[in-house]
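These notes concern the structure reproduced below.
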Protein chains: 2
Amino acid sequence: MAKCLINNNIRTLRFMANEMTQQELADRTGVTRQTIVAIENGKYSPTLELAFRISHIFGKPLNEVFSFQYDEDPVLNKKIEDKRSKTKD
Amino acid sequence: MAKCLINNNIRTLRFMANEMTQQELADRTGVTRQTIVAIENGKYSPTLELAFRISHIFGKPLNEVFSFQYDEDPVLNKKIEDKRSKTKD
DNA sequence: TTTTTATGTATATTATTTTTGACATTGTGT
DNA sequence: ACACAATGTCAAAAATAATATACATAAAAA
């Protein structure tokens, strides 16, 4: 899968939540602190499950914690469209 | 991380979207059909990125495609609460 | 009947996420 | 100056997601 553009405001939300530490967020979501650091700093995309857990801790819907920038790939899209018009109905 | 309870209605959404096939959803999200099958049947939790991509295809917010059942673990929660009350303020 | 098309399954391999343990830095308190 | 808490980083290992290839079945189409 393509490298991605996922943003998050975990850092902001932690401080708004009585300055919750990375360690406490890690404990409450059941992962290690290193995992929280990596996600907070956008090193990689978490599993959907972990994303849900984190959002739940802050009492926010997932899309208010994480956002994804959809960069449309025109080449790929054309390929798909071609294939679709050939095979459909 | 604990085994999880993530539900999805991809199958329903595919059929509502002019009976989109698993193959087409795979092509449009940039993964293989096997990945779509596995996720549709709850074999494992997708990455957040893939979850966003799938939701985007159906034009739905992520939480309308995937839902997570939070099974509170009272033992873990007590442990966290104890730790919190000792270390905080 | 024969041939596609869509779906599900199995197994092995690759890629990515997560863990573990360790160490550096910065700021705060004693 | 010393301890301590919070954050960041690094590298190796473990766990899990995703790919690749192949095969089976049922249903629709030819």
Side-chain angles (χ1 to χ4, degrees), chain A residues 1-55 57 62 65-66 68 76 80 82-89, chain B residues 1-55 57 62 65-66 68 76 80 82-89:
Chain A
M1 225 178 7
K3 271 292 116 217
C4 51
L5 309 145
I6 289 186
N7 297 8
N8 72 83
N9 29 40
I10 296 176
R11 193 181 254 138
T12 307
L13 288 165
R14 281 198 298 110
F15 282 93
M16 288 192 339
N18 192 31
E19 300 188 342
M20 184 188 300
T21 64
Q22 292 176 335
Q23 185 63 64
E24 182 176 353
L25 181 55
D27 291 344
R28 296 180 67 178
T29 50
V31 296
T32 60
R33 187 175 64 83
Q34 286 83 337
T35 300
I36 298 297
V37 174
I39 288 161
E40 196 167 296
N41 297 348
K43 300 299 180 193
Y44 48 67
S45 157
T47 56
L48 180 57
E49 181 184 0
L50 180 50
F52 267 122
R53 284 190 197 280
I54 293 172
S55 307
I57 298 293
L62 198 147
V65 181
F66 297 94
F68 185 73
L76 175 62
I80 291 162
D82 288 353
K83 187 170 181 181
R84 190 177 171 76
S85 58
K86 260 189 287 187
T87 55
K88 265 300 184 182
D89 303 276
Chain B
M1 225 177 8
K3 273 291 114 218
C4 52
L5 308 145
I6 289 186
N7 297 8
N8 73 82
N9 29 41
I10 297 177
R11 193 181 254 138
T12 307
L13 288 165
R14 280 199 298 111
F15 282 92
M16 288 190 341
N18 193 30
E19 300 187 343
M20 183 188 299
T21 64
Q22 292 178 334
Q23 186 62 65
E24 182 175 353
L25 181 55
D27 291 343
R28 297 180 68 177
T29 49
V31 296
T32 61
R33 186 175 65 83
Q34 285 84 339
T35 300
I36 298 297
V37 174
I39 288 161
E40 197 167 295
N41 296 348
K43 300 298 180 193
Y44 48 68
S45 158
T47 57
L48 180 56
E49 181 185 359
L50 180 51
F52 267 123
R53 283 191 197 280
I54 292 172
S55 307
I57 298 292
L62 198 147
V65 183
F66 298 94
F68 184 74
L76 175 62
I80 291 163
D82 288 354
K83 188 170 181 179
R84 189 175 174 74
S85 58
K86 259 188 286 185
T87 55
K88 265 299 186 185
D89 303 272

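Reminder, nothing fancy here: chain letters follow the sequence lines and each chain counts from 1.
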Under-4.0 Å side-chain N/O to phosphate OP1/OP2 contact, A/Arg14 with D/dT7: yes
Figure out the CG/P separation between B/Asn41 and C/dA6, and round it to whole Å. 17 Å
Provide, to the nearest angstrom, the distance between the CD atom belonging to A/Glu19 and the C1' atom belonging to C/dT28. 13 Å
Round to a whole Å and report the spacing from CD of A/Gln23 to P of D/dG8. 13 Å
If the cut-off is 4.0 Å, is A/Thr47 near the phosphate of D/dT16, judged by side-chain N/O to OP1 or OP2? no
Starting at atom CD of A/Gln22, determine the distance to atom P of C/dT25, rounded to an integer number of angstrom. 18 Å
Whole angstrom is fine here: how far is it from CZ in B/Arg11 over to P in C/dA6? 16 Å
If you measure from OG1 on A/Thr29 to CD on A/Glu49, what distance do you get to the nearest 0.5 Å? 10.0 Å
B/Gln34 side chain near C/dT7 phosphate (N/O to OP1/OP2, under 4.0 Å): no
Side chain of B/Lys43 only, please: which of C/dT9, C/dT19, D/dT19 is the nearest? C/dT9
Whole-Å distance separating the OH atom of B/Tyr44 from the P atom of C/dT17: 14 Å
Residue-phosphate contact under 4.0 Å: B/Thr35 side-chain N/O, D/dA18 OP1/OP2: no
Rounding to a whole Å, what distance do you find between B/Ile10:CD1 and C/dG8:P? 12 Å
I want to verify a distance call: between C/dT7, D/dA18, C/dT19, whose nearest atom is closest to the B/Ile39 side chain? D/dA18
Kindly say if A/Arg33 contacts the phosphate of D/dT9, meaning a side-chain N or O under 4.0 Å from OP1 or OP2. no
Nearest whole angstrom, please: distance from the P of C/dT18 to the CG of A/Leu48. 11 Å
With respect to the side chain of A/Val31, which nucleotide from D/dA18, C/dT17, C/dT19 is positioned closest? C/dT19
